[in-house]
**Q** 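Before we start, here is the structure in question, set down as structure tokens.
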Amino acid sequence: MAELYDVIVAGSGPGGATAAWKAAEGGLRVLLLERAPSLPRYKPCGGGIPASVTREVAGLDPGDFADLTITHLRHSWKGRDPVLAAMETADGKPAEVWMVQRPRFDLHLADRAEAAGASLVTGVKVSSVEAGADGVLVRAADGREWRARHVVGADGAKGVVGPQVGLRLSKRYGIAREVEIPFTGGADGGRWHPALEPGAAYLDYGTVPNGYAWIFPKRNCLSVGAGMLLPRKPAPDTGERLKSAIDSLLGSVGLSLPVGADAPRLWAHPIPYWTGAEPLATEDGRALLVGDAAGVVQPLFGEGIQYALRTGNLAARCLVAGEVGQYTQRARDLFAHEFDAAARVGRVFHKAPYLSYRLGVKNPAGTRLVGRLMAGETSLARVEQRIYERLRNPFGHA
Ligand SMILES: Cc1cc2nc3c(=O)[nH]c(=O)nc-3n(C[C@H](O)[C@H](O)[C@H](O)COP(=O)(O)OP(=O)(O)OC[C@H]3O[C@@H](n4cnc5c(N)ncnc54)[C@H](O)[C@@H]3O)c2cc1C
């Protein structure tokens, strides 16, 4: 007879590890299953997280996992016409975004889950979930099985738990490519790349249709990538176009992709595209989805870490309180309005990207607004309203 847990969490990324951590902290018996053979494991990601997430998820200390904190964005159009602007809170203070390396960040969260009492088993590829009146039976590809009252699907963009329990059946995806380029030397004890502005993340528009390219600084390495976020069917040459966007951004700042046998891997990874509110838990409350498995990625920036943390936290709170029936609605209240607005803003931006760049992005007021967004002080609905105001009055003052 398989052991009975209160909750089995499939996937130990930010969503799953947070769900396991908070559920265990709430006194539940938790089993956290991870496909990777061991932790830490790599996840292709820019690793940018707004510091304001600490207001939503208690107990996160950036000193434990963040490499650097950025407060500025350096925007460019096809590598040219750059502008460096500060992200600011409403009272003019720097709005902070942490730069994390995912192996370290995700391991920290899994450690927190274990410290709170969750059992972690790596090397388990969950392959089937059966939900019934008595609970759930979770099977691994190698035949091992476990029972629990509930299962949390935190198994990422291509997760299997959702489809197994009849959730997230018609997913849509964007796609991103990313590489981590190591460096030595640099400003402030080697923390900032010598060729780049300290304290800034680089964003480049115009080379990727419906997306952007980025350089996110980390301690001793750069995360460089490009992603296409709108739900267009990717053309056969999408991978190459994303790579050439990366080449072009790097070239514009005097850098290039390393080549040769030791060259770092250029990853490709799907990003769930938000298609509107849908159920995130089964009607019987046996299965819940969080993070990418639930499709909660903000469709303008492709930002998913904070939403994985927040849905993981929310799912755990609902499980601990015996209120799983309210999970979908509470998640909707948190994200649906914001994500709908982000999708509309994305459509406007990508319809006229150069105009949007000149009038919105290049205007320092635009980056200040992003700062307030990152600080959790404004909403994307407000940003959307602001864009329409600018389109109506393009030469007016901010
Ligand atoms: C290139 C790229 C750049 C990005 N940059 C940013 C960024 O800068 N900021 C940001 O906020 N978001 C970013 N995102 C999005 C962000 O990476 C995701 O939203 C985030 O990782 C979601 O966390 P998660 O825990 O839901 O899923 P994941 O991080 O994908 O974790 C899922 C876990 O489940 C495990 N797993 C999968 N299948 C199974 C299975 N069958 N059984 C057991 N375990 C399984 C995986 O091994 C993994 O550990 C980026 C995405 C991409 C692709």
**Q** Return the set of residues passing side-chain hydrogen bond (donor to acceptor under 3.5 Å, both in side chains) with Arg310 (not counting sequence neighbours), or none when no residue passes.
**A**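 If we apply the side-chain hydrogen bond (donor to acceptor under 3.5 Å, both in side chains) test to Arg310, skipping adjacent residues, the hits are Gln306.
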
**Q** Does Leu257 reach the side chain of Val259, with side-chain heavy atoms less than 4.5 Å apart?
**A**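 No, every pair of side-chain atoms sits at 4.5 Å or beyond.
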
**Q** Using a 4.5 Å cut-off on heavy atoms from C-beta on, say whether the side chain of Leu107 contacts that of Phe65.
**A** no

**Q** Can you tell me how far CZ of Arg332 sits from CZ of Phe339, rounded to the nearest 0.5 angstrom?
**A**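 CZ of Arg332 is found 13.5 Å from CZ of Phe339.
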
**Q** Let me see the working for Val124 and Arg144 under side-chain contact (heavy atoms from CB on, under 4.5 Å), right down to the final yes or no.
**A** CA-CA 8 Å; Val124 177; Arg144 281 180 285 175; 3.7 Å; yes

**Q** Contact between Glu88 and Pro94 at the side-chain level, heavy atoms closer than 4.5 Å - yes or no?
**A**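 They are not in contact (no side-chain heavy atoms under 4.5 Å apart), so the answer is no.
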
**Q** Write down the atom of Gly371, the atom of Ala95, and the distance for their closest heavy-atom approach.
**A**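 Shortest heavy-atom contact: O-CB, 3.4 Å.
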
**Q** Where the side chain of Asp204 meets the backbone of Gly79, is there a donor-acceptor pair that is under 3.5 Å apart?
**A** yes

**Q** Can any side-chain N or O of Arg286 pair as donor or acceptor with the backbone N or O of Gly132 at less than 3.5 Å?
**A** yes

**Q** Let me check something: do Val320 and Val152 share a hydrophobic cluster, defined by ILVMFWY side-chain heavy atoms less than 4.5 Å apart, either directly or through other members?
**A** yes

**Q** Does this structure show an ion pair linking Asp6 with Arg29, if we count only N-O contacts that are shorter than 4.0 Å?
**A**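 Looking at Asp6 and Arg29, the cut-off is not met.
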
**Q** Could you tell me the separation between the CG atom of Leu300 and the CH2 atom of Trp274, rounded to the nearest 0.5 Å?
**A** 14.5 Å

**Q** Does the Arg55 side chain pair with the main chain of Ala375, one donor and one acceptor, at a distance under 3.5 Å?
**A**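 Looks like yes, one N/O pair under 3.5 Å.
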
**Q** Start with the C-alpha gap between Arg149 and Leu4, add the side-chain angles, then the distance that decides, and say whether side-chain contact (heavy atoms from CB on, under 4.5 Å) holds.
**A** CA-CA 8 Å; Arg149 294 180 213 290; Leu4 185 71; 3.8 Å; yes

**Q** Between His269 and Ile175, is the side-chain contact (heavy atoms from CB on, under 4.5 Å) condition met? List the steps.
**A** CA-CA 6 Å; His269 201 279; Ile175 180 158; over 6 Å; no

**Q** Is a side-chain N or O of Glu130 found less than 3.5 angstrom from the main chain of Leu137, in a donor-acceptor match?
**A**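 No; judged by distance alone, with no hydrogens or angles, the pair does not exist.
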
**Q** Quick one: do Lys22 and Glu25 make a salt bridge, cutoff under 4.0 Å?
**A** yes

**Q** Is there a continuous path of hydrophobic side-chain contacts, each under 4.5 Å between heavy atoms, that joins Val253 to Met99?
**A** no

**Q** For Lys125, I'd like to know if atom NZ has over 12 heavy atoms of other residues, nucleotides or ligands within 6.0 Å.
**A**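 No, the 6.0 Å shell around NZ holds no more than 12 heavy atoms from other groups.
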
**Q** A side-chain contact here means heavy atoms from C-beta on lying under 4.5 Å apart; do Val53 and Ile305 qualify?
**A**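 Side-chain contact under 4.5 Å: no.
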
**Q** Answer with yes or no whether the hydrophobic clustering places Trp214 together with Trp192; edges join I, L, V, M, F, W, Y residues whose side-chain heavy atoms lie under 4.5 Å apart.
**A** yes

**Q** Name the one of Arg219, Arg104, Arg191 that satisfies side chain to side chain donor-acceptor pair (under 3.5 Å) with Asp67?
**A**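 Running side chain to side chain donor-acceptor pair (under 3.5 Å) over Arg219, Arg104, Arg191 with Asp67 returns exactly one hit, Arg104.
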
**Q** Do you know which two heavy atoms are closest between Cys45 and Glu178, and how far apart they sit?
**A** O-OE2, 3.0 Å

**Q** Taking the side chain as every heavy atom from C-beta outward, state whether Leu73 and Met87 have any pair of such atoms under 4.5 Å apart.
**A** yes

**Q** Could you tell me whether the side chain of Thr311 and the main chain of Gly291 form a donor-acceptor pair under 3.5 Å?
**A** yes

**Q** Please test Leu33 against Leu120 for side-chain contact (heavy atoms from CB on, under 4.5 Å), starting from the C-alpha separation and ending with a verdict.
**A** CA-CA 6 Å; Leu33 301 176; Leu120 168 70; over 6 Å; no

**Q** Does a salt bridge link Arg147 with Asp134, judged by any charged N lying under 4.0 Å from a carboxylate O?
**A** no

**Q** Of all heavy-atom pairs between Ala17 and Leu109, which one has the smallest distance, and what is that distance?
**A** CB-CB, 3.5 Å

**Q** Distance-only, no hydrogens or angles: does the Arg112 side chain make a donor-acceptor pair with backbone N or O of Gly59 under 3.5 Å?
**A**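 Such a contact is found between Arg112 side chain and Gly59 backbone.
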
**Q** Can you confirm whether or not the ring centre of Phe105 sits under 6.0 Å from the ring centre of Trp98?
**A**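 No, ring centres 6.0 Å or more apart.
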
**Q** Using a 3.5 Å distance criterion without hydrogens, assess whether the side chain of Thr367 forms a donor-acceptor pair with backbone atoms of Ala85.
**A** no

**Q** Apply salt bridge (charged side-chain N to carboxylate O under 4.0 Å, His left out) to residues Lys43 and Asp106 and explain how you reach the verdict.
**A** CA-CA 9 Å; Lys43 156 74 174 75; Asp106 293 15; over 6 Å; no

**Q** Return the CG to CD distance between Leu309 and Glu56, rounded to the nearest 0.5 Å.
**A**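 If I round to the nearest 0.5 Å, the distance is 10.5 Å.
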
**Q** Closer than 3.5 angstrom, by distance alone: can the side chain of His150 be matched with the main-chain N or O of Gly285 as a donor-acceptor pair?
**A** yes

**Q** For the residue pair Tyr307 / Glu338, report whether a side-chain donor-acceptor contact shorter than 3.5 Å exists.
**A**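 Checked: Glu338/Tyr307 side chains pair up, N/O donor to acceptor below 3.5 Å.
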
**Q** Distance from Leu288 atom CG to Leu167 atom CG, nearest 0.5 Å?
**A** 9.0 Å

**Q** Give the other cluster members for Trp267, using side-chain heavy-atom distances under 4.5 Å between Ile, Leu, Val, Met, Phe, Trp and Tyr residues; answer none if it is isolated.
**A** Tyr42

**Q** Has the side chain of Tyr202 got a donor or acceptor atom that lies under 3.5 Å from a matching backbone atom of Glu197?
**A** yes

**Q** Please report the closest heavy-atom contact between Phe183 and Cys221, naming both atoms and the distance.
**A**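 Closest heavy-atom pair between Phe183 and Cys221: CE2-N, 3.2 Å.
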
**Q** Honestly curious: do Ile70 and Phe216 fall in one hydrophobic cluster under the side-chain, below-4.5 Å linking rule?
**A** yes

**Q** Quick test of your reading of the model: are Arg317 and Glu323 salt-bridged, counting only N-O distances below 4.0 Å?
**A** no

**Q** In plain terms, say whether Asp340 and Arg344 are close enough for a salt bridge, that is, a side-chain N and a carboxylate O under 4.0 Å apart.
**A**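 So Asp340 does not pair with Arg344 through a salt bridge.
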
**Q** Show the nearest heavy-atom pair for residues Val161 and Ala10, with the distance to one decimal.
**A** CG2-CB, 3.8 Å

**Q** Just wondering, do Arg35 and Arg41 contact through their side chains at under 4.5 Å, heavy atoms?
**A**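 No - every pair of side-chain heavy atoms lies 4.5 Å or more apart.
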
**Q** Determine yes or no for a side-chain-to-main-chain donor-acceptor pair under 3.5 angstrom, with Asp155 supplying the side chain and Val160 the backbone.
**A**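 It does hold such a pair.
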
**Q** Kindly compute the distance separating CG (Asn313) from SG (Cys318), expressed to the nearest 0.5 Å.
**A** 9.5 Å

**Q** Please check if the number of heavy atoms outside Asp142 that lie under 6.0 Å from its CG is greater than 12.
**A** yes

**Q** Taking the side chain as everything from C-beta on, heavy atoms only, tell me whether Val165 gets closer than 4.5 Å to Val136.
**A**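 No, too far: nothing below the 4.5 Å cut-off.
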
**Q** Testing the basics here: between Lys218 and Gly46, what is the closest heavy-atom pair and its distance to 0.1 Å?
**A** NZ-O, 2.9 Å

**Q** Is there a path of hydrophobic side-chain contacts, each under 4.5 Å between heavy atoms, that joins Leu242 and Val224?
**A**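 Different clusters: Leu242 never reaches Val224 through Ile, Leu, Val, Met, Phe, Trp or Tyr contacts under 4.5 Å.
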
**Q** In Å, rounded to the nearest 0.5 Å, how long is the span from CG of Leu289 to CZ of Arg168?
**A**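 That separation rounds to 8.0 Å.
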
**Q** Can you say whether the rings of Tyr357 and Tyr354 are parallel (under 30°), tilted (30 to 60°) or perpendicular (over 60°)?
**A** parallel

**Q** Would you say that Lys158 contacts Tyr173 through its side chain, given a criterion of any heavy-atom pair below 4.5 Å between the two side chains?
**A**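 Side-chain contact under 4.5 Å: yes.
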
**Q** Please state whether the rings of Tyr205 and Phe349 are parallel, tilted or perpendicular, taking 30° and 60° as the class boundaries.
**A** tilted

